[in-house]
Colleague: 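Below you'll find the structure I mean.
As a basis for the values below, the full set of heavy atoms in this structure was taken, side chains included, without hydrogen atoms, waters or symmetry mates. Here the structure is a predicted model, which is why all the values come from computation and not from measurement.
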Amino acid sequence: MTARAVFVGGYRMGHALMAFQFDHFLEGIDVTYIVTNIAEKHYKGTLSKYGLDPNRFQYVNDQELIDAYPEILNWDQPGDYRGTWLRQQALKIASLDYFDYETILIQDPDTFAIQPYRCFDGLVPNFFVLPNVTHSNGYYWAIEKGLGIKRQTKDCFVSEFMPFLKQDWHTMRSLLEARHDRHFLDAIIDNCQRESGTNLIWFSEYEYLANYVMTQRSINTTEQKRFEVRKLADIENLNSQEYNCYVDACTRLEDSIQFEFTTNTVVDFDKIYNAIASQL
């Protein structure tokens, strides 16, 4: 079985409910876990409201993972203006250990497929990639320092999708703990570069995990053709012939999909959904 774990921060509730509408483009997923800091009652009161079968989803609160792996909190950095950005990455990495499936897909809900995507061909992971894209040097410094390997490709794996095998997780965890003589989460965060002047840590779980996998097995790749929405009015230019993923890239939350917790309502849901669906 292949599981999917979707990590939903509080401000991404509306994005998750929209993304789930297009799950028919994801092939080979047997069960979906919603990993979130949002109370379960909001999902129980909302999934059916938007035509989603609650039985398709399993709920896991962030605290459940933190209780199992308290080292997650070591990723919180005092004064970090990005809030829990690093903690979210620690949660994703810990989930690879926590969930007992041979294959798993990690996904952020601000991005979803709008063409068919199969994340595994048997036991061969199929990664979305951005060809010839490089991000912060800190991403690749952490790979070398933590794992003792070089960046394996000029392509970028920061796609908001991460297929991973349990077998690769076991070997990676063993490597980290033997190499650094500490818990795997501490082994990673303690071997990250701090940015000069800000003291911030720049880290990508997507780059870290995928580059490790490339040292273990052959992979398949699919170029991710991202339709990046900067404001909701951009949706009128969407088409699934040119693009294969919808990406919410709004820099201001007020320009993005909004969710009202008091009424468990996605603001303008029908308008936004119809605008997307009509372009596919």
Colleague: Applying salt bridge (charged side-chain N to carboxylate O under 4.0 Å, His left out), can you list everything that pairs with Asp190, at least two apart in sequence or on another chain?
Modeller: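 Arg182.
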Colleague: Using side chain to side chain contact (heavy atoms under 4.5 Å, CB included) as the criterion, list what pairs up with Asp97, not counting sequence neighbours.
Modeller: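 Asp97 satisfies side chain to side chain contact (heavy atoms under 4.5 Å, CB included) with Tyr69, Trp169, Arg173, Phe184 once adjacent residues are dropped.
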Colleague: Side-chain heavy atoms under 4.5 Å apart, restricted to Ile/Leu/Val/Met/Phe/Trp/Tyr: what other residues fall into the cluster of Leu105, or is it alone?
Modeller: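 Cluster partners of Leu105: Leu26, Ile29, Tyr117, Phe128, Phe161.
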Colleague: In this structure, is the centre-to-centre distance between the rings of Tyr208 and Phe203 below 6.0 Å?
Modeller: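 So the answer is yes for these two rings.
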Colleague: Is the NZ atom of Lys44 crowded by more than 12 outside heavy atoms at less than 6.0 Å?
Modeller: no
Colleague: Going by atom types alone, do Asp248 and Tyr246 pair a side-chain donor with an acceptor below 3.5 Å?
Modeller: no
Colleague: Members other than Val247 in its cluster, when Ile, Leu, Val, Met, Phe, Trp, Tyr link by side-chain heavy atoms under 4.5 Å?
Modeller: none
Colleague: Can you list every pair that meets side-chain hydrogen bond (donor to acceptor under 3.5 Å, both in side chains) and has a residue in residues 80-89, with sequence neighbours left out?
Modeller: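 Matches after skipping sequence neighbours: Asp76-Arg87, Asp80-Arg82.
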Colleague: Sequence neighbours left out, what passes ring-ring contact (aromatic ring centres under 6.0 Å, His included) with His42? Give chain and number order.
Modeller: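 Phe261.
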Colleague: Is it true that Arg4 and Asp30 have a side-chain N and a carboxylate O under 4.0 angstrom from each other?
Modeller: no
Colleague: Is it true that His15 and Ser256 share a donor-acceptor pair across their side chains at a distance under 3.5 Å?
Modeller: yes
Colleague: Go through the structure and list residues passing side chain to side chain contact (heavy atoms under 4.5 Å, CB included) with Asn274, not counting sequence neighbours.
Modeller: Asp270
Colleague: Taking only residues two or more places apart in sequence, or in another chain, which ones meet Glu223 in a side-chain hydrogen bond (donor to acceptor under 3.5 Å, both in side chains)?
Modeller: none
Colleague: According to side-chain hydrogen bond (donor to acceptor under 3.5 Å, both in side chains), does anything in residues 227-236 pair up with another residue at least two apart or in another chain? List the pairs.
Modeller: Arg226-Glu228, Glu228-Arg230, Lys231-Asp234
Colleague: Kindly determine whether Leu232 and Ile257 satisfy side chain to side chain contact (heavy atoms under 4.5 Å, CB included), including the steps that lead there.
Modeller: CA-CA 8 Å; Leu232 292 176; Ile257 298 172; 4.2 Å; yes
Colleague: Can you name the residues that form a ring-ring contact (aromatic ring centres under 6.0 Å, His included) with Phe22, not counting sequence neighbours?
Modeller: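 Checked Phe22 against ring-ring contact (aromatic ring centres under 6.0 Å, His included); matches are Phe112, Tyr273.
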Colleague: Who passes ring-ring contact (aromatic ring centres under 6.0 Å, His included) against Phe120, sequence neighbours left out?
Modeller: none
Colleague: Tell me yes or no: between the side chains of Asp67 and Gln63, is some donor less than 3.5 Å from an acceptor?
Modeller: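 Looking only at side-chain atoms, Gln63 and Asp67 do form a donor-acceptor pair, the distance falling under 3.5 Å.
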Colleague: Go through the structure and list residues passing ring-ring contact (aromatic ring centres under 6.0 Å, His included) with Tyr212, not counting sequence neighbours.
Modeller: none
Colleague: So Asn137 and Tyr139, side chain to side chain donor-acceptor pair (under 3.5 Å) or not? Walk me through it.
Modeller: CA-CA 5 Å; Asn137 181 65; Tyr139 292 2; over 6 Å; no
